[in-house]
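A short write-up of the structure that comes next.
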There are 2 protein chains.
Amino acid sequence: MNKMDFSIHCQSCSFSHLCLPVSLDENELKTLDEIIERKKPLHKHDLLVEAQSKFKSLYAVRSGSFKSYITTSNGQEQIVGFHLPGDLIGFDALSTQHHQSSATALETSMVCEVPYTTLEQMAERFPTLRKQIMTCMSDDIKQGQELMMLLNKRKAEERLLYFLAQLSQRFSERGFSDKQFNLSMTRNEIGNYLGLTVETISRLLTRFQKENLIRVDGKLIEIIDYETIYNRSQGLHNDLLIKMA
Amino acid sequence: MNKMDFSIHCQSCSFSHLCLPVSLDENELKTLDEIIERKKPLHKHDLLVEAQSKFKSLYAVRSGSFKSYITTSNGQEQIVGFHLPGDLIGFDALSTQHHQSSATALETSMVCEVPYTTLEQMAERFPTLRKQIMTCMSDDIKQGQELMMLLNKRKAEERLLYFLAQLSQRFSERGFSDKQFNLSMTRNEIGNYLGLTVETISRLLTRFQKENLIRVDGKLIEIIDYETIYNRSQGLHNDLLIKMA
DNA sequence: AGTTTCAGTTGATTAAGATCATATTTATGA
DNA sequence: TCATAAATATGATCTTAATCAACTGAAACT
């Protein structure tokens, strides 16, 4: 056994409930595990996927985090998603066989590479896997629609509260603390994603701290009042809630 | 032969190049044609797909147009897309087997219904069809991302110009005039989709007319200067273009 | 036909967030 | 370890599009 083998397998991966292994039986899982390649770690700013490049593999995030973004004709960058462990990156290439968006590491990160050709062969043999891929794609569509709604109808405060609530929830699903976590992205990137400026993000974070919703220490965020964060991210304020009760 | 049979078949459908038939051979096309049901016409405001309902079929628009929208927890409606002939409606249900969004007719319209179970059986037999379904889904994701970018980074003028340019282009792809067309949606619905108010849409349309980009007569739009419309929808203004040259 | 409702236009005012400017703190690299 | 760059914070001002209001025209409905 290779020294560098840290015994990472789908069978024992703590994110298998969020990843391709969902709904595969033991045999299928073994086959999947065999075709997946573990790549060496990527560092901050390293490019994992380049827009326009040919679609060769899907990537599952094992550790760390990524952002994916598209670039407009006039050179502006639009972040379309942040990816945490268990997330799959690269679906948007299934249509044209070329990636629509680029993805870079936000911090030192590890990924599992799933070569497309072998994945397709497996999909042929295991209908459950095919279904899971469809599900992941459909989820992507859903998430896009939700985000669109957010950007369209909600104001700055609601957008950032939604972002925080969602992060907290996603960390929780992954077995990390949902009360305290590090932002691997900059305020600038958060703003880009939410359609706001850095200054607005900065001001709001200070305000949320004053209002005792969160505690901010640089990149470290502590969620103090999740209930209120969630309600207000939905446009429901305290006075409104009292009225309804 | 039934009186109501207008001899509508995938083989002769003028939108087959945009719809599921893409890349099917004659035999496959015949099978597809046989499982598709032509429904009777829907009228304005008629519900085609209801959010949360069980996924039974995909629908291909044959004539007329639809909007699809999601409804937030606080009851607000967010339009996520407009559908023209050749478009497929219902993909967002593949994940959960329940529809995420509702779709209603914007005018008297016809659809072809593709029962999911039979479609799945066909997908099993014809890899090209499976690929086409994937492609359609991936296109949905892409379109969502583009729209997100639009809502995030562009100002009112650019959003509406983009909307007009895109409509013109889509009409053209479908063999309709790209210079003159009817808006089947209200100003209100355009605003909802683009994240703007009715008043803003109205004001902009009058302004675009004054600037000789378009000619507006109620629902009828005439595209006068597509070039400028497109350039300005991308944030490129005349003075900027001159500088670059 | 006439009334009511809905869609669209236009103006005045306001508010939210962008932009500009500057300071400060934190990272990064020679 | 210091120097430089990048990220963050905060105040002042400006711009954009929302909001509020009033009016007109077009459908829809007995």
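All figures in this text were calculated on a predicted structure; none of them were measured in a lab. In the text below, chain A, chain B and the rest are named by the order of the sequence lines, each starting its count at 1.
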Would you indicate what [X] reaches in the nucleic acid, counting non-hydrogen atoms under 4.0 angstrom: base, sugar-phosphate, or nothing?
X	answer
B:Thr186	sugar-phosphate
A:Thr200	sugar-phosphate
A:Gly191	nothing
B:Leu196	sugar-phosphate
A:Lys44	sugar-phosphate

With no hydrogens and no angle check, just 3.5 Å: does a side-chain donor-acceptor pair link [X] and [Y]?
X	Y	answer
B:Glu107	B:Ser65	yes
A:Glu113	A:Ser57	yes
B:Ser68	B:His83	yes

Separation of [N] [atom2] from [X] [atom1] (nearest whole Å):
X	N	atom1	atom2	answer
B:Leu160	C:dT9	CG	P	11 Å
B:Asn192	C:dG8	CG	P	13 Å
A:Glu157	C:dG17	CD	P	9 Å
A:Arg159	C:dA18	CZ	C1'	13 Å
A:Glu158	C:dA16	CD	P	11 Å
A:Arg154	C:dG17	CZ	C1'	18 Å
B:Leu183	C:dA7	CG	C1'	13 Å
B:Asn188	C:dT5	CG	P	18 Å

Do other residues, nucleotides or ligands put more than 12 heavy atoms under 6.0 Å from the [atom1] atom of [X]?
X	atom1	answer
A:Tyr230	OH	no
A:Arg207	CZ	yes
A:Lys153	NZ	yes

B:Arg187 (side chain) and C:dT10 (base): donor-acceptor pair under 3.5 Å: no
Quiz item: B:Arg203 side-chain donor-acceptor pair to C:dG11 base, under 3.5 Å: yes
A:Asp217 vs A:Thr197, nearer the 5' end of DNA chain C by closest nucleotide: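 The answer here is A:Thr197.
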Ring centers of B:Phe82, B:Phe66 separated by less than 6.0 Å: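 So the answer is no for these two rings.
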Centroid separation B:Phe55 to B:His99 less than 6.0 Å: yes
Comparing A:Val216 and B:Glu199 on DNA chain D - which has the more 5′ nearest nucleotide: A:Val216
Nucleotide range of DNA chain D lying under 4.0 Å from chain B heavy atoms: D:dA17 to D:dC20
Listed nucleotide nearest any side-chain atom of B:Lys219, set C:dG8, C:dT10, C:dG17: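 The answer is C:dG8.
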